[in-house]
Protein chains: 2
Amino acid sequence: MVERITRANGEASRRRILDAAAEIAGERGYAGTSISDVSSRSGLPKSSIYWHFSDKDALFAAVIEDSYERWLEEFNIRVSARDLTPQELVVLLHDSLADFPAFLRFGHLVILEWHDTELSARAKFLDIRRRSLQNMSAMFERTTGVDAPAAASLAAVALALVDGAFLARAAGENTLADSSALAAVLEAFVDRTRTI
Amino acid sequence: MVERITRANGEASRRRILDAAAEIAGERGYAGTSISDVSSRSGLPKSSIYWHFSDKDALFAAVIEDSYERWLEEFNIRVSARDLTPQELVVLLHDSLADFPAFLRFGHLVILEWHDTELSARAKFLDIRRRSLQNMSAMFERTTGVDAPAAASLAAVALALVDGAFLARAAGENTLADSSALAAVLEAFVDRTRTI
DNA sequence: TCCATAGTGGACCGATCGGTCCACTAACGA
DNA sequence: TCGTTAGTGGACCGATCGGTCCACTATGGA
């Protein structure tokens, strides 16, 4: 039995739905995004959305996964398999997220949004954050030479700075639009950590 | 003509509505909070809500203003009219926001949430942020002795750290639950700024 | 005491919500 | 060529949305 070839139309439609949903969800959050909105922005009827995804929860879980993968792909290109110092990493994170903001915008929203039933999208995003913190921590241990607890603290601070700067951008403030300020902060903190 | 005394019941109801709305809005955001939810949590009928507030937009604008004032009152007690260094301020901000999270939770949500019509709550929160940044900047100029641009950069970094740490707490991470890490970061950055 | 008014209770409105159903088309394998 | 199936179009569902309306109660001032 030959592997069934997926119809070109089906895959393309799934893409259009995910793109439209990611766009709107990054602007309005889970509760603020209606299936009808996704339908009209993607140009596909609601029945197509429910054919590709079982329900709203599953759709937005797929949106998180998909937009994360698309951002990660771009990010990995910029990293190009090097090990990075905290200040290098924070610059790459900041700049790549400024170019592909949909992923983190929706991510931040689902962190803050609670619902009666736990959202799959939220669980997925929290898992991505947890793994990212671990990766950053391990990398910082190698590139700065500090011990594991100090590296974990560095990672937490780096993530907080990136999140905070992203929020400031969303608020229309240009105070941290330049990533060099973040790098300077982390460099000072790394030096302080090393000398103690 | 004697000033008309407001009925005790009316003011108390307004309070209950604002408290209920702030609670739910901090969990679900603007779009995710329905007037029916506010009605049942406050125990007052919808007609009472619409008697006290003209519409949903006005209600949540009042929620931002009110929850800000209540947090600010508590914060000012802790500050006790001193001038603070960046590291002192960030600790007080972090801890007071951990104790009164409703204000910033909803604030972050309305930063990220967009709507067809600009939300009054969002505009109010952005204005509060702007004024806070100015106040922090002026204070840091006095307490650290750096020049105005450096003080503004310090304020932006301090705010980003507080926002980022708050988001990490909302995500259930305890990596930055202790505010001393934030203080250490800012102290290192202040020293670095001074010596340049 | 009696009227004016602040505020409550609840039925009700049209629009929209998430989701279902089913007829239908187009492309594929046999 | 023909039957199967992936995928589309659109009508439709009950529930809930933000908001309105109005009868009603309770209270304070005259």
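Here is the naming used below: chain letters follow the sequence lines, and residue numbers restart at 1 for every chain. This structure is a prediction, so every number in the text was calculated from the model and none was measured.
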Rounded to the nearest Å, what distance is computed from the [atom1] atom of residue [X] to the [atom2] atom of nucleotide [N]?
X: Leu44(B); N: dG19(D); atom1: CG; atom2: P; value: 18 Å
X: Asp116(A); N: dC17(C); atom1: CG; atom2: C1'; value: 15 Å
X: Asp37(A); N: dC17(D); atom1: CG; atom2: C1'; value: 14 Å
X: Lys56(A); N: dC17(C); atom1: NZ; atom2: P; value: 9 Å
X: Phe53(B); N: dG18(D); atom1: CZ; atom2: P; value: 15 Å
X: Asp55(B); N: dG19(D); atom1: CG; atom2: C1'; value: 9 Å
X: Leu59(B); N: dC17(D); atom1: CG; atom2: P; value: 15 Å
X: Arg28(A); N: dC17(C); atom1: CZ; atom2: P; value: 10 Å

* Asked: Taking atom types as modelled, is there a side-chain donor on Ser120(A) or Asp57(A) under 3.5 Å from an acceptor on the other?
  -> yes
Nucleotide nearest [X] when distance is taken to its side chain, options [options]:
X: Trp51(A); options: dG19(D), dA6(C), dG7(D); answer: dG7(D)
X: His52(A); options: dC17(D), dT8(D), dG19(C); answer: dT8(D)
X: Ser36(B); options: dG18(C), dG19(D), dC17(D); answer: dC17(D)
X: Ser13(B); options: dG18(D), dT8(D), dG7(C); answer: dG7(C)

* Asked: With no hydrogens and no angle check, is any side-chain donor or acceptor of Arg16(B) less than 3.5 Å from a backbone partner on Ser42(B)?
  -> yes
* Donor-acceptor pair, side chain of Glu113(A) and main chain of Ala31(A), under 3.5 angstrom -> yes
* To do: Select from Lys46(A) and Ile49(A) the residue whose nearest nucleotide in DNA chain D is closer to the 5' end of that strand.
  => Ile49(A)
* Select base, sugar-phosphate, or nothing to describe what Ser39(A) touches, counting heavy atoms under 4.0 Å on all strands. => nothing
* **Sub-6.0 Å ring centroid separation between Phe125(B) and Phe106(B)** => no
* Quick one: is dC17(C) close enough that its OP1 or OP2 comes under 4.0 Å of any side-chain N or O from Ser34(A)? -> yes
* Asked: Has the side chain of Ser47(A) got a donor or acceptor that lies under 3.5 Å from a partner of the other kind on the base of dG9(D)?
  -> yes
* Asked: Would Arg41(B) and Asp19(B) pass as an ion pair if we require N to O under 4.0 Å?
  -> no
* **Along DNA chain C (nearest heavy atom to each residue), the more 5'-positioned of Pro45(B) and Tyr30(A)** => Pro45(B)
